[in-house]
Amino acid sequence: GIGYEISPQAQEYAQQENGSARLKYILAEDFLADGKHADISMAIDVFEHVEDAFTFLRNMKKKADCAIFHIPLDISVQSVLRVKPILQARASVGHINYYTKETAQALLEDTGFEIIDWHYTAGAIDLAASWKAKLASLPRRLLFMIHKDFAVRLLGGYSMLVLAKARP
């Protein structure tokens, strides 16, 4: 198979890690602009950085039959009340668009994707290695076990992984 990567560093890493050599990685810095088509495309933590997410996603829809998205869910009651988490996401990792589960799903549907499946993924707080961080994330994890949507909407700290099909 062939994989296209837009990041030179990621393309080099993928090629080095591909021990079976069954997959060839091609650097395509502007994959959306060229004539290539793929069976599946992935945008992992991407469109929250893109100035015009609507145009980006409409163009991406034309490039593959299916897509996988990983979307940080930066908007929560806690993040809105505190404001600092949103500003930190903007300053430290360059997020310029912020989503809830519902607004991310609506954006995908508005740009021509049909959501096949999705689920929440743990954020950095839940994945932290230190015992202090694990202890601090305990209320979030407990509430998440009781009611996922409410926990994410109230406390944040999660992302979502989405499998979507490009609608004709």
Over all atoms of both residues, closest heavy-atom pair of [X] and [Y]:
X    : Y    : answer
A104 : M160 : CB-SD, 4.1 Å
D65  : H37  : OD1-NE2, 3.4 Å
M60  : F113 : C-CZ, 4.3 Å
I86  : D74  : CG1-O, 4.2 Å

**Request:** Just grab all the salt bridge (Lys or Arg N to Asp or Glu O under 4.0 Å) pairs involving residues 103-118, residues at least two apart or on different chains.
**Result:**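 Pairs touching residues 103-118 that pass the test: E114-K165.
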**Request:** Name all residues meeting the salt bridge (Lys or Arg N to Asp or Glu O under 4.0 Å) criterion together with E102; count only those two or more places apart in sequence or in a different chain, and write none if there are none.
**Result:**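 Expected list: R153.
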**Asked** Can you name the salt bridge (Lys or Arg N to Asp or Glu O under 4.0 Å) partners of D52, sequence neighbours left out?
**Response**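 Counting only residues at least two positions away or on another chain, D52 forms no salt bridge (Lys or Arg N to Asp or Glu O under 4.0 Å).
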Value rounded to 0.5 Å, distance of [atom1] in [X] from [atom2] in [Y]:
X    : Y    : atom1 : atom2 : value
T111 : R58  : OG1   : CZ    : 6.5 Å
N97  : T103 : CG    : OG1   : 9.5 Å
I71  : S159 : CD1   : OG    : 9.0 Å

**Request:** Check whether any side-chain heavy atom of L163 sits under 4.5 Å from a side-chain heavy atom of I68, and report yes or no.
**Result:**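 The answer is yes, as the side chains (C-beta and beyond) meet within the 4.5 Å cut-off.
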**Request:** Report yes if some heavy atom in the side chain of I96 is under 4.5 Å from a heavy atom in the side chain of E48; otherwise report no.
**Result:**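 No, their side chains stay 4.5 Å or more apart.
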**Asked** Donor-acceptor pair, R140 side chain versus A151 backbone, under 3.5 Å?
**Response**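 Answer holds: no.
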**Request:** Ignoring hydrogens and angles, tell me if any N or O in the side chain of H95 forms a donor-acceptor pair with the backbone of H49 under 3.5 Å.
**Result:**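 Checking the backbone N and O of H49 against the side chain of H95, no donor-acceptor pair under 3.5 Å is found.
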**Asked** Partners of V46 by side chain to side chain contact (heavy atoms under 4.5 Å, CB included), sequence neighbours excluded?
**Response**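 Result, side chain to side chain contact (heavy atoms under 4.5 Å, CB included) vs V46: A43, V50, F56.
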**Request:** Just jot down the side chain to side chain contact (heavy atoms under 4.5 Å, CB included) partners of L81, sequence neighbours excluded, or say none.
**Result:**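 Listed in chain order: V77.
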**Message:** Run the ring-ring contact (aromatic ring centres under 6.0 Å, His included) test against Y99 and tell me which residues pass, sequence neighbours left out.
**Reply:**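 Applying ring-ring contact (aromatic ring centres under 6.0 Å, His included) to Y99 gives F47.
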**For H70, all residues meeting ring-ring contact (aromatic ring centres under 6.0 Å, His included), sequence neighbours excluded** =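 Listed in chain order: nothing, the list is empty.
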**Request:** Carefully, step by step, assess H119 and T121 under the rule side-chain contact (heavy atoms from CB on, under 4.5 Å).
**Result:** CA-CA 7 Å; H119 71 267; T121 62; 3.9 Å; yes
**Asked** What pairs of residues pass the side-chain hydrogen bond (donor to acceptor under 3.5 Å, both in side chains) test when at least one of them lies in residues 81-94, not counting sequence neighbours?
**Response**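 As it turns out, the side-chain hydrogen bond (donor to acceptor under 3.5 Å, both in side chains) pairs with a partner in residues 81-94, which skip direct neighbours, are R90-Y98.
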**Prompt:** Hey, do the aromatic rings of F144 and Y120 have their centres closer than 6.0 Å?
**Reply:**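 Ring centres of Y120 and F144 closer than 6.0 Å.
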**Prompt:** Does one hydrophobic cluster hold both I115 and F69, with members joined at side-chain heavy-atom distances below 4.5 Å?
**Reply:**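 I115 clusters together with F69.
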**Item:** Same cluster (ILVMFWY, side-chain, under 4.5 Å), L107 and I75
**Value:**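 L107 does not cluster with I75.
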**Request:** Under 4.5 Å between side-chain heavy atoms, chaining through other members, with only Ile, Leu, Val, Met, Phe, Trp and Tyr counted: pull out the rest of the cluster around V83, sorted by chain and number.
**Result:**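 L87, listed by chain and number.
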**Prompt:** Run the side-chain contact (heavy atoms from CB on, under 4.5 Å) check on V162 and L108 step by step: do they pass?
**Reply:** CA-CA 10 Å; V162 178; L108 292 172; 3.9 Å; yes
**Asked** For S79, which residues count as a side chain to side chain donor-acceptor pair (under 3.5 Å) partner, sequence neighbours excluded?
**Response**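 Testing S79 for side chain to side chain donor-acceptor pair (under 3.5 Å), a comparison that skips the adjacent residues, returns S76.
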**Request:** Apply side-chain contact (heavy atoms from CB on, under 4.5 Å) to the pair K62 and N59, showing each step before the final yes or no.
**Result:** CA-CA 5 Å; K62 298 173 191 173; N59 288 336; 3.7 Å; yes
